Amino acid sequence: MRPQILYPLFAPVTSLPGIGPRLGKLFEKLTGPNVSGLLWHLPTGLLDRQQEPPIDTVLDGATVTLKVQVTIHLPPLRPRQPYRVSCVNDTGAVDLVFFNPRVDYIQNLLPPGEWRIVSGRVERYAGTLNMVHPDYILPPERIAEIKRLEPTYGLTAGLTPRLVLKAVAAAIDRAPDMPEWIDAHVMKRHQWPKWKAAVEAVHRPAGATDLEPGTVARQRLAYDELLASQVALALVRQHNRRLAGRPCVATGALTSRVKARLPYDLTASQRLAIEEIANDMASPQRMLRLLQGDVGSGKTVVALFAMLIAAEAGGQAALLAPTDLLARQHFATLEPLLRAAGLELRLLTGRDKGKTRDKILADLASGETKLVVGTHALVQESIVFDDLRLAVVDEQHRFGVQQRVALSEKGKGVDLLVMTATPIPRTLTLTAYGDIDVSRLTEKPPGRQPIDTRIIPLDRLNEVAEGLRRATAQGSRVYWVCPLVDESELIDLAAATERHEMLRMLFGDRVGLVHGQQKAADRDKTMAQFQEGSIDILVATTVIEVGVDVPQATVMVIEHAERFGLAQLHQLRGRVGRGSAKSSCLLLYQTPLSETAKARLNIMRETEDGFRIAEEDLRLRGAGELLGTRQSGLPEFHLADLVAHADLIQIARDDARLVLEKDPELVSERGLALRILLYLFEKDAVVKTIRSG
């Protein structure tokens with residue numbers, strides 16, 4: 001049950017004065033259904049009403065407060081014209097302008113001959129100074145009611161600044177005094193205020209600097225949010241640790257056979273990752289490990305050794321890929337290695353039908369098949385494993401937690417290894433995967449050459465095409481990626497189709513096209529033609545971003561590179577440089593470039609280190625855009641800024657671990673306060689894991 005102290009904050013927004021069902025829907029869209037959402041809706045700016053300038057010196061667009069005398073009302077002569085009220089003082093004249101007002105209300109508010117204080121934004125129109133719908137109209141004796149410094153908030157259509165300001169103030173009035181959930185030493189070291197005082201301070205800034213993420217009030221609230229997140233992750237981890245696993249002890253019988261067949265030596269970080277995985281699998285607890293590796297760092301081979309350990313222990317292992325194409329590619333990489341070592345690997349995708357499919361399912365159910373690669377077809381209810389010991393999930397951010405859980409429920413105490421080729425900055429790894437152990441692959445396999453990255457303006461397109469002619473004549477294959485335009489598949493398609501036509505005119509029918517609107521079978525057919533070399537140039541939208549392996553492709557052209565995030569540019573660049581030949585990546589940009597875009601493209605030229613690139617991307621763009629929060633499974637933060645508050649994440653993580661070591665059930669005085677914190681940030685499901693044990 002949610003603690004009683006939080007009832008006022010989890011009441012619907014419609015319980016606040018002046019918010020009925022119609023406005024309630026708009027507030028729900030802006031800040032969520034509960035009163036608490038208004039507290040997390042931070043000001044974005046500050047309106048300064050302190051200026052009381054002479055009217056004849058007022059600048060266009062300024063927000064001002066004026067003392068004026070009402071002279072005459074000018075009702076509209078035609079429909080749709082505004083209602084005007086002319087006013088003066090000894091420094092000039094201003095018209096107050098109203099659209100569709102209640103005339104009797106305006107006449108009572110502004111009687112001719114009376115003095116009024118008016119405050120609002122002014123602009124000149126046809127030589128006259130206008131104040132449209134003033135924010136304040138008061139008699140002079142009530143001037144103190146005007147807020148001289150007023151925070152401004154993000155809005156949605158139908159809500160005015162005044163309505164949001166009023167709603168936030170009402171929400172603050174509802175906020176209770178909370179018991180302290182932050183460690184006393186941490187509070188003292190940072191000189192943070194109490195929770196309620198911090199909420200009031202962020203919504204009542206005394207100056208522009210009070211809007212910065214570094215203020216003590218904002219830091220305090222950011223830490224609350226990060227602490228809630230870290231305690232929740234630590235509880236999930238504690239819960240997972242209690243779930244019985246099954247020790248899978250490596251015998252070396254299969255791994256040594258495969259190792260002997262590898263055409264290269266494993267890198268130091270591959271060997272370390274395999275050792276960490278082997279230790280996890282041998283322990284009585286369930287493994288939950290994230291394998292992070294840059295494009296081309298050899299994650300699939302590490303996954304293979306993990307799968308072999310499961311087979312050595314007498315069980316089965318499954319590798320899950322997000323697309324048919326990727327599943328087939330993993331199969332093509334691993335199957336020859338396993339065959340040479342006398343082991344069988346099976347492939348199951350949505351395309352397998354009839355007797356073929358029935359045979360694979362029967363062999364999985366009987367335990368005849370030990371190792372399988374597939375798409376999420378493997379998660380379907382109809383699929384039964386004899387003894388699934390390990391599930392490997394590739395491109396973790398494409399799979400929801402639900403699918404992760406569904407796969408691990410296909411066996412008893414299934415170990416889970418999740419892999420991603422998206423290098424995630426350390427701060428994000430802590431916030432998103434705090435419940436998971438992390439292994440990182442930081443080297444490229446031997447023999448890979450650095451990629452020569454160049455930045456070229458789009459108006460030199462003809463030179464680029466000429467360079468491609470030379471490259472293809474020498475047997476190179478080329479990717480040409482067209483931009484993401486306004487997130488619209490159709491416009492992307494138009495851009496890609498147009499470029500495909502241009503290149504066909506130059507290179508004939510050795511140019512192919514793949515995009516997200518094609519049927520999977522057509523897309524795979526074109527990719528296969530590119531892989532086998534009957535197509536030299538592949539024009540594509542970003543569908544080729546993940547996993548496709550064509551060692552002969554040595555040139556990557558990315559058009560409108562300034563529109564892509566750094567992580568995505570890095571992913572795309574990783575499609576080349578997979579063989580031993582020298583590769584290049586051409587980043588074509590539209591002039592003029594913004595400073596941020598220039599900085600991003602320069603980083604691409606300077607380094608191929610995916611982790612450094614990800615850290616820079618986080619610094620330049622912020623966390624929300626980095627992986628696209630919606631599709632990455634990353635938590636969304638309202639108060640914490642993962643760049644500005646990066647140092648607080650580690651403190652919160654350490655504190656969460658310490659608390660749960662001393663008080664795993666959260667029953668001490670501080671433990672109970674932390675339960676309130678978890679409910680405050682809607683981590684209710686996690687609190688239930690404490691009770692269920």
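Fair warning: this is a prediction, and the values are worked out from it, not measured in the lab. Values reported hereafter were calculated over all heavy atoms of this structure, with side chains retained and with hydrogens, waters and symmetry mates removed.
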Legend entry - Within-4.5 Å side-chain heavy-atom neighbours: Phe10 and Tyr679: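 Heavy-atom side-chain distance check fails, nothing below 4.5 Å.
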Are the side chain of [X] and the backbone of [Y] linked by a donor-acceptor contact shorter than 3.5 Å?
X      : Y      : value
Ser119 : Tyr136 : no
Gln292 : Val438 : no
Arg116 : Leu109 : yes
Asp48  : Leu149 : no
His203 : Leu39  : yes
Asp183 : His185 : yes
His570 : Leu566 : no

Inset, instruction - Please name all residues satisfying ring-ring contact (aromatic ring centres under 6.0 Å, His included) with His41, sequence neighbours left out, ordered by chain then number. - result: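 Here the qualifying residues are Tyr153.
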Legend entry - Donor-acceptor side-chain pairing of Arg220 and Thr215 below 3.5 angstrom: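 No.
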Legend entry - Residue pairs, two or more places apart or on separate chains, that pass salt bridge (Lys or Arg N to Asp or Glu O under 4.0 Å) and touch residues 193-217: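 Residue pairs passing salt bridge (Lys or Arg N to Asp or Glu O under 4.0 Å), neighbours aside: Glu180-Lys194.
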Legend entry - Within 6.0 angstrom of Asn100 CG, more than 12 heavy atoms from elsewhere: no
Legend entry - Value rounded to 0.5 Å, distance of CG in Leu38 from CG in Leu165: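 Reported value, rounded in 0.5 Å steps: 11.0 Å.
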